[in-house]
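Worth saying up front: this structure is predicted, and the values here are computed from it rather than measured. Order of the sequence lines sets the chain letters (A, B, ...), proteins ahead of strands, with each chain counted from 1.
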Amino acid sequence: MPKVLSSIACNLDPNLLLAALPLFEAERVEAVEWSFDALYKYPTLPGWFEELIGTFAENDRLIGHGVYFSLFAGKWSKQQDQWLRQLRSLAARYPFDHITEHFGYMTGADFHKGAPLGVPYTSTTLKLGIDRLRRIQEAGQCPVGLENLAFAYSLDEVKKHGEFLEKLVGAVNGFIILDLHNLYCQLHNFRLDFEEVIRLYPLERVREIHISGGSWEPATTDDKYPIRRDTHDDAVPEAVFALLETTLPMCPNLKYVVMEQLGTALDTDARRLAFQRDFIRMDTLVKRLNDKLPQPATNDFGPLPTGLPTTLPLEDLSLHQQQRELSHILENAKSYPEARDLLAASSLRHSAWNVEAWVPSMLETARQIAQKWKNGFE
Amino acid sequence: MKVPASVLKAMAAAVIVASVTACTGEDIGPKNGKKKEEKTLASCPACGMG
C-alpha cells in the first residue's frame with residue numbers, strides 16, 4: 001500500500017459524485033473521507049452509497065470527518081450525545097481508519113446551523129477540547145484528529161494556533177489535519193510568509209492534508225484588502241498546489257491527502273472536468289513525493305490506554321454565555337460598526353477573547369460567515 | 001483502489017438520474033414509498049463554511 005493515499009471528500013451529493021465517478025472508474029481514488037454527520041435529514045442511505053463506503057472501510061481506507069459536533073461549545077448538549085451515539089453505531093458498521101472534527105465552536109443556536117469560529121486559547125478551553133476528543137476517540141474506537149481553522153480574529157491567534165492544537169491532540173495521542181487552503185487564507189489575510197507560519201505547527205502530528213479552493217471577499221472595512229475565504233466553491237489555486245509540494249515532505253506521519261469541493265460548485269461539465277484535473281494533479285504530486293517520506297510512520301496515533309472519559313462531560317457555563325452573546329452579535333449586527341460597538345459593550349470586553357485586538361476586516365468577515373450560515377445549509 | 005463494477009454502475013445510474021431530474025424535485029435517496037421530507041438532496045456543507 002502506498003504510504004500516502006490520494007483521497008476525495010465523498011458525500012451523498014449528485015454533482016460531487018458525478019465529478020468523482022470517472023476517478024472511481026479509473027481506480028485513482030485511494031481513500032474516501034465521509035462527513036457522516038451531514039446526512040441528518042436522511043434516515044437511510046441508498047444501498048449503492050452504503051456499498052461504496054463499505055468497500056473503502058473493508059480496505060481500511062475510510063476516514064470520517066465531522067462537521068457539527070461543536071468541539072468547544074461551553075455547554076454539553078443532548079445533540080452532542082446523539083452525535084456520539086451515531087458515530088459509535090456507524091463505526092461498528094463501517095470501521096473508520098480515523099475520525100476528525102473542526103477546531104472551534106458552532107455559532108448557530110441549533111445543532112445543524114451556524115459556522116465554526118475560534119475560541120480563546122485558555123486552560124479552560126484546553127480541558128474542554130481534550131474532554132471532547134476523548135469522547136470522540138472512545139465512540140469511534142480509532143485515532144482522532146482536529147483540523148486547523150481558516151478563520152482567525154487576530155495575528156496573535158494565527159501564531160498560537162499550531163501550539164494550541166499540539167496541546168489538544170497531544171493529550172490523546174491525536175493528530176491534526178493540516179488544511180492548506182485554510183493556511184493559505186491565513187497567509188493572505190494576515191500578510192504572512194509560509195516559512196514564518198509553518199514552523200509554528202507540529203508537523204510530526206500531521207496525518208492528513210486537505211486541499212481545496214475558495215473565494216475572495218471584497219473589503220468592506222477601511223482596510224481595503226480583500227479577504228480570502230475557505231468556501232470550497234472553486235478549483236484548487238496554484239498557490240495551494242505549491243504549498244502541497246513544499247509541505248508534504250515535511251510531514252513524516254502523513255497518510256492521507258484529501259481534495260475537497262462542494263457539489264454546488266460542480267454544477268457544469270467544465271467544473272467537473274476541472275475537479276478531475278485537480279485530483280489527477282494532486283495524485284501525481286503525491287506519488288512523486290511519496291518516496292521522500294520515511295517508512296514506516298513513527299506514530300500510528302492509536303488511542304492511549306488510559307484515555308477514556310469516565311465522568312460527565314466538562315462544561316463551562318460562562319464560556320457558553322459568551323459564545324451565545326458573540327453569536328447573537330455576529331448573526332444580527334447589520335454592519336461592522338454595529339458589531340464592534342456591541343462587542344465593546346458585551347461581557348467579552350477585556351476578557352480572554354481579547355476582542356480589543358480583533359482586526360476590523362476579520363470581525364466583519366466573522367459577521368458575514370455567521371449570517372451566511374445562520375439558517376444552516378439551505 | 002478498485003470499487004466493484006456493480007457499485008459504480010448503480011452509482012452512475014443514481015447520479016445521472018438525479019442530475020437530469022434535479023429540477024423536478026426528485027433525489028437520489030432510497031426509495032421507500034414514503035413522501036420525502038426534502039425535495040432535493042442538499043449539497044453537503046462538509047467543512048466549506050468559510
Seminar exercise, completed: Heavy-atom nearest pair, B:Ala12 first then A:Leu21, reads CB-CD2, 3.5 Å

Problem set entry | A:Phe56 vs B:Val3 side-chain heavy atoms within contact, under 4.5 Å | yes

Exercise. Are A:Thr55 and B:Met1 side-chain neighbours, meaning at least one heavy-atom pair lies under 4.5 Å?
Worked result: yes

Exercise. Side chain, backbone, both or neither: which part of A:Phe49 has a non-hydrogen atom closer than 4.5 Å to chain B?
Worked result: neither

Exercise. Does any heavy atom of chain B fall under 4.5 Å from the side chain of A:Phe151, the backbone, both, or neither of them?
Worked result: neither

Problem set entry | Student check: side-chain heavy atoms of B:Met11 and A:Leu52 closer than 4.5 Å | yes

For this session: Supply the atom-to-atom distance A:Leu17 CG to B:Leu8 CG, rounded to the nearest 0.5 angstrom.
Result: 11.0 Å

